[in-house]
Number of protein chains: 2
Amino acid sequence: MTKVTIYSIADALGVSGSTVSRAFTRPDQVRDDVRARILAKADELGYQPNRSARRLATGRTGAIGLYIPDITNPFFPPLVRAIQQAAADNDASVIMVDAEESTSAEAALIRRLAGQVDGVIVASPRGTPARLRDALGSTPAIVVNREMMHTTTVICDNSAALAQAGDHLRDLNHETVALLHGPSASWAARQRASAIRKWAASAEVELIELGPFEASYEGGREGAAAFADSPATAAFAFDDLTACGVVAGLAERGLSVPRDRSIVGCDDVLLARVLTPKLSTVSAPIGRLGAAAVDLLGEVMAGKQPASLRIQGDFTPRQSSGPAPTT
Amino acid sequence: MTKVTIYSIADALGVSGSTVSRAFTRPDQVRDDVRARILAKADELGYQPNRSARRLATGRTGAIGLYIPDITNPFFPPLVRAIQQAAADNDASVIMVDAEESTSAEAALIRRLAGQVDGVIVASPRGTPARLRDALGSTPAIVVNREMMHTTTVICDNSAALAQAGDHLRDLNHETVALLHGPSASWAARQRASAIRKWAASAEVELIELGPFEASYEGGREGAAAFADSPATAAFAFDDLTACGVVAGLAERGLSVPRDRSIVGCDDVLLARVLTPKLSTVSAPIGRLGAAAVDLLGEVMAGKQPASLRIQGDFTPRQSSGPAPTT
DNA sequence: CTGAAAGCGCTTACAG
DNA sequence: CTGAAAGCGCTTACAG
């Protein structure tokens with residue numbers, strides 16, 4: 001099976017390569033019957049355009065880059081999926097790189113990625129804005145899950161939902177509530193913490209701040225130890241995976257959720273719904289986040305400066321939050 | 001910031017483009033000091049080779065394709081990561097496509113992918129071998145997680161581990177054990193079923209076959225209903241996610257694991273370790289699967305016909321299996 | 001609407 | 001070890 005190019009088709013049909021090329025890229029500039037014959041022949045020969053050649057000629061790669069800090073964190077697969085799907089709708093392929101949780105590799109990975117694609121979507125970067133901007137250079141980019149000046153950004157705003165979650169706990173008679181801090185380098189952790197503090201102040205609930213803890217199951221288990229030793233009867237975990245560790249850590253101490261302690265997670269990942277007890281959590285519309293990122297990236301690549309987007313999260317009470325134990 | 005090419009460097013240094021090109025691709029063919037100056041200047045100018053041009057010139061894309069049926073299934077992210085890492089070690093990028101669980105889209109997605117890359121890794125395909133081979137055409141390929149004639153394949157062989165798991169249950173005095181079938185289109189499901197049947201026959205344990213059920217949390221809940229109504233005191237779930245659904249479904253019926261029923265999962269995904277109770281499961285060395293796939297793909301691309309690989313799984317008893325309830 | 005030609009940025013025989 | 005030149009397969013002004 002020899003290589004089939006536009007010239008194979010051109011020769012077979014007695015037209016020029018230019019015409020074949022146009023039949024694909026500017027169909028309206030080719031007479032209908034000629035185009036029909038070209039398309040038919042292309043199909044017959046199994047023609048697939050050589051993307052490298054096209055890219056070289058047009059200067060666009062047709063690919064967008066996606067930087068993810070940790071594909072293994074259940075938050076990201078749905079995001080990756082949404083981004084891929086939106087990209088496919090725009091005939092773009094996506095090249096994904098996973099930092100494997102290494103913050104130090106971040107800048108180098110992003111720099112390399114930026115060189116290979118038309119634009120990049122950076123999810124949950126941990127590095128400083130300056131380093132990130134340096135790595136990006138002039139490549140169009142969208143940052144997801146973190147706000148950053150001079151950059152189009154799409155984030156999930158959980159403040160209102162977190163306040164709702166807080167009210168829900170207060171209504172269940174929890175009078176002192178723990179805030180299990182996420183990693184201090186995480187923008188989302190800082191956001192959530194400040195939203196919760198604000199809620200606690202206005203709701204006149206006593207807030208006990210514990211941590212920071214890693215955003216992992218183990219981090220949650222450590223959090224559980226601190227939580228169990230505190231007077232709090234309910235806690236906000238940084239995310240669902242952490243919450244899951246908290247449930248396990250409490251269980252190891254003979255404390256059962258929601259009977260003895262209540263806990264609310266964040267993100268509503270698969271885990272939150274399959275855990276027993278199901279987690280009360282704040283859900284991020286992850287799919288919309290991804291789709292929006294691709295749309296906005298398209299605008300940036302087109303030279304526009306679209307406004308940043310913030311999507312509201314939503315509180316979903318489930319089984320992990322219950323009435324405060326009566327002592 | 002204007003585009004920097006090999007000629008920017010060549011001009012700045014008074015050498016030819018050929019020499020600059022060689023400095024990168026055939027360093028031994030360039031005098032040491034010249035190469036050093038070129039590399040330094042490239043660095044100074046922030047040179048990034050244009051991949052499209054390189055690809056067009058060499059005829060290789062430097063990319064491998066990865067087809068995944070469902071990125072959202074916790075089995076796949078670690079596989080993706082391992083494959084990416086191994087590819088990066090070989091200076092290849094990976095273009096991933098996710099079928100979003102749509103079996104019907106499989107062939108078309110794979111065909112498109114195959115046209116864009118030097119070789120493809122196909123994970124857990126559901127389609128018939130004929131359709132798959134047709135979609136692949138002459139593109140070098142490795143199939144992961146399914147055996148297939150005339151194709152280099154890397155799979156995890158769980159037979160021995162499943163028999164170990166069975167023995168473990170029998171030693172805990174379970175006399176009748178349920179097999180919750182996975183989806184009938186799944187090669188892995190058929191494999192596991194036959195390994196379990198073989199074990200049951202030789203161990204003289206009564207096996208009750210239930211299902212098939214979907215490979216999902218919901219599928220597991222359905223399985224739990226059938227399991228609860230059966231005389232079995234322990235069950236093999238198709239995978240960990242399903243097992244998780246079984247635990248939840250049993251809980252809804254007031255049955256607790258491992259007190260009232262025992263359950264063993266498969267794959268040892270993150271979920272298995274964060275669930276309470278932690279799942280007894282058969283672990284696939286997912287990372288090795290991915291690394292091996294990339295290695296073998298390299299051989300196929302080099303024109304060799306490497307032998308298929310089967311890696312042994314391992315049984316890991318944890319908390320979800322306990323002594324049979326004494327009636 | 002169509003063709004001849006130049007050009008995208010590399011690589012790589014071929015001469016020297 | 002180095003340079004001039006051709007070629008990879010497309011796209012796209014430019015002429016007609």
Side-chain angles (χ1 to χ4, degrees), chain A residues 1-39 41-42 45-63 91-93 112 114-118 139, chain B residues 1-39 41-42 45-63 91-93 112 114-118 139:
Chain A
M1 171 205 281
T2 164
K3 196 165 298 178
V4 12
T5 70
I6 51 172
Y7 298 108
S8 326
I9 300 174
D11 290 350
L13 256 32
V15 300
S16 76
S18 315
T19 301
V20 175
S21 173
R22 280 192 204 96
F24 293 109
T25 54
R26 292 167 148 54
D28 49 299
Q29 293 187 14
V30 175
R31 222 172 56 211
D32 284 4
D33 62 314
V34 176
R35 175 158 32 85
R37 285 167 58 220
I38 290 174
L39 265 29
K41 181 58 84 178
L45 264 35
Y47 170 69
Q48 293 234 41
N50 179 316
R51 305 219 170 200
S52 304
R54 180 175 283 179
R55 289 169 182 188
L56 180 54
T58 60
R60 281 171 296 102
T61 66
D91 271 319
S93 54
R112 182 129 61 94
Q116 295 178 49
V117 296
D118 296 331
T139 306
Chain B
M1 172 204 282
T2 166
K3 196 165 295 176
V4 12
T5 71
I6 52 172
Y7 299 108
S8 327
I9 300 173
D11 290 351
L13 257 30
V15 299
S16 75
S18 316
T19 301
V20 176
S21 173
R22 280 191 204 97
F24 293 108
T25 54
R26 293 167 147 53
D28 48 301
Q29 292 186 18
V30 175
R31 221 171 56 210
D32 284 2
D33 61 315
V34 177
R35 174 158 33 85
R37 285 168 55 220
I38 291 174
L39 266 28
K41 181 58 82 177
L45 266 34
Y47 171 69
Q48 292 234 43
N50 179 315
R51 305 222 169 198
S52 304
R54 180 176 281 178
R55 288 169 183 187
L56 180 56
T58 60
R60 281 169 295 104
T61 66
D91 272 319
S93 54
R112 182 130 61 94
Q116 295 178 48
V117 295
D118 296 331
T139 307

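None of these values were measured; they are calculated from a predicted model.
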How long is the gap from [atom1] on [X] to [atom2] on [Y], to the nearest 0.5 Å?
{"X": "R37(B)", "Y": "L13(B)", "atom1": "CZ", "atom2": "CG", "answer": "4.5 Å"}
{"X": "R26(A)", "Y": "S18(A)", "atom1": "CZ", "atom2": "OG", "answer": "12.0 Å"}
{"X": "L56(B)", "Y": "N50(B)", "atom1": "CG", "atom2": "CG", "answer": "9.5 Å"}
{"X": "T58(B)", "Y": "R51(B)", "atom1": "OG1", "atom2": "CZ", "answer": "11.5 Å"}
{"X": "S52(A)", "Y": "R60(B)", "atom1": "OG", "atom2": "CZ", "answer": "11.0 Å"}

Exercise for the section: Answer whether the closest heavy-atom distance between the side chains of V20(A) and K41(A) falls below 4.5 Å. Expected result: no
Exercise for the section: Report yes if some heavy atom in the side chain of I38(A) is under 4.5 Å from a heavy atom in the side chain of T19(A); otherwise report no. Expected result: yes
Completion exercise
Per-residue pairing states of DNA chain D in dot-bracket (Watson-Crick or G-U under 3.5 Å; . unpaired, | other strand) read |||.||||||||.|||
Exercise for the section: Sugar-phosphate means primed atoms, P, OP1 and OP2; the rest is base. With that split, encode nucleotides 8-16 of chain D 5' to 3' as B, S or - using protein heavy atoms under 4.0 Å. Expected result: BBBBBB---
Practice task
Mind checking D28(A) for me? I need base, sugar-phosphate or nothing, with any heavy atom below 4.0 Å counting as a touch.
Solution key: sugar-phosphate
Practice task
Can you establish whether the number of heavy atoms outside R35(A) located under 6.0 Å from its atom CZ is more than 12?
Solution key: yes
Problem - Distance, P atom - from dC10(D) to dC14(D), rounded to whole angstrom - result: 24 Å
Exercise for the section: Write down the distance separating the P atoms in dT2(C) and dA6(C), rounded off to the nearest Å. Expected result: 23 Å
Fill in the blank from the handout: Taken to the nearest whole Å, CZ/R37(A) to C1'/dC1(C) is 14 Å
